[in-house]
Protein chains: 2
Amino acid sequence: MESRIRPRAANTDPPPSRIERLCIERGLKMTGQRRLIARVLSEAEDHPDVEDVYRRALALDSKVSIATVYRTVRLLEENGILERRDFGGGRARYDPADRGHHHHLIDVDSGKVIEFADEEFEALARAMARRLGFDLVGQRLELFGRKVEAEPTRSGGRSKARSS
Amino acid sequence: MESRIRPRAANTDPPPSRIERLCIERGLKMTGQRRLIARVLSEAEDHPDVEDVYRRALALDSKVSIATVYRTVRLLEENGILERRDFGGGRARYDPADRGHHHHLIDVDSGKVIEFADEEFEALARAMARRLGFDLVGQRLELFGRKVEAEPTRSGGRSKARSS
DNA sequence: CTAAATGCAAAGGCTTTGCAAGTTC
DNA sequence: GAACTTGCAAAGCCTTTGCATTTAG
């Protein structure tokens with residue numbers, strides 16, 4: 001039955017978030033908590049750790065426990081919706097998987113993380129693995145850098161970057 | 001039997017290990033435990049975690065506590081003698097820093113780690129950072145691969161690899 | 001209604017630390 | 001002898017889990 005004929009499911013019924021839709025596609029049972037966490041993650045533009053997700057979820061609606069956040073991010077990871085990252089510091093950070101394949105450049109001064117993709121690197125990675133006798137099934141690349149004084153070479157190039 | 005007058009220090013007095021020498025250079029106080037741990041690390045050809053180091057040290061001379069191993073690897077790391085790695089799995093692994101700049105390819109089936117270096121990649125990493133407006137100060141590259149059936153392309157190339 | 005999700009608190013790994021006793025320089 | 005190192009056990013993080021209760025489908 002089409003429930004969208006409802007006169008006003010106003011403030012209690014925000015539209016499904018991007019990640020909520022992915023959950024539904026995969027047939028995951030959607031509870032209030034999961035919807036909430038999905039929303040927090042959908043809106044995140046950074047790489048939150050579990051604490052971050054928990055805090056943001058609480059701020060929206062204080063009906064989650066941290067255990068549920070842990071269980072949910074694990075579930076999402078197992079379903080390929082999130083990717084777990086480890087930038088050091090002991091805690092795992094999460095990154096929506098549908099942002100596409102990308103790597104990270106960490107600004108060592110500010111701690112900011114910049115995402116970028118680079119086709120040339122992808123090709124090289126495959127080649128390096130192949131040279132060692134392997135098929136590449138995954139990779140992890142992190143660059144640590146410091147802002148250069150002069151203007152960067154005009155980024156007309158092959159890399160597409162997005163700061164976060 | 002005390003110190004016999006012997007031409008050279010025999011079985012009770014092994015020559016200082018590579019890492020022990022580095023410690024001395026840096027003016028670190030050398031205790032029996034540190035010498036032992038230094039030796040274990042000098043002889044390691046892999047990427048041992050603290051447990052590994054502890055076990056190997058115990059096997060040589062059961063006079064270390066795990067707390068000391070933790071304290072020592074941290075000290076060595078702070079002194080640039082070891083590098084801490086994180087290949088996932090929750091525990092830190094250690095890698096002598098003087099092996100030169102290299103990366104890792106993890107065989108996803110066996111868990112074995114292969115070290116390799118690649119000049120082309122080094123150059124590309126610098127270029128990618130530069131393109132984003134940064135000077136490269138560090139990097140981390142890990143490839144995950146699966147052994148290819150056919151023979152690898154003859155490795156006449158630019159990469160030098162060493163299995164561990 | 002049934003299988004699955006949640007909360008809570010307890011427990012589990014890895015790592016660090018306070019303190020007394022032992023060593024190095 | 002002063003300062004540092006070690007051992008031991010306790011404590012700290014982050015994360016997982018057992019169990020009773022609630023909830024989605």
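The sequence lines fix the lettering, A, B, ..., with proteins before strands; numbering per chain opens at 1.
In this structure, the side chain of B:S62 does not engage the main chain of B:L58 through any donor-acceptor pair within 3.5 Å. Not one N or O on the side chain of A:T72 forms a donor-acceptor pair closer than 3.5 Å with the backbone of A:R34. The backbone N or O of B:H47 lies less than 3.5 Å from a partner atom in the side chain of B:R93, making a donor-acceptor pair. A donor-acceptor distance shorter than 3.5 angstrom exists from the side chain of A:R21 to the backbone of A:P16, with no hydrogens or angles considered. Of the possible donor and acceptor atoms, none in the side chain of A:N79 sits under 3.5 Å from a partner among the backbone N and O of A:I81.
Across the protein-nucleic acid pair, A:E20 atom CD and D:dA24 atom P stand 12 Å apart, rounded to whole Å. At whole-Å resolution of the value, CG in A:D52 and P in D:dC14 are 11 Å apart. The separation between A:R91 atom CZ and D:dC14 atom P is 5 Å, rounded to whole Å. Separating the CG atom of B:N79 from the P atom of D:dC4 is a distance of 14 Å, rounded to the nearest angstrom. What separates CZ of A:R55 from P of D:dC14 is a distance of 11 Å, to the nearest Å. Rounded to an integer number of Å, the gap from CG of B:L36 to C1' of D:dG7 is 15 Å.
Under the 4.5 Å side-chain contact rule for hydrophobic residues, A:L60 and A:V50 share a cluster.
Taking every heavy atom of residues 64-75 of chain B and every atom of DNA chain C, pairs under 4.0 Å involve B:A67, B:Y70, B:R71, B:R74, by number.
DNA chain D is contacted by both B:L28 and A:M30; B:L28 maps to the nucleotide lying nearer its 5′ end (nearest heavy atom per residue).
Remark: the A:E122 side chain and the A:H103 side chain contain an N/O donor-acceptor pair separated by less than 3.5 Å.
Here chain A contacts DNA chain C (any atom closer than 4.0 Å to a heavy atom, that is under 4.0 Å), and the contacts span C:dA3 to C:dC8 from 5' to 3'.
Side-chain contact between B:L76 and B:C23: present, with at least one pair of heavy atoms (C-beta onward) separated by less than 4.5 Å.
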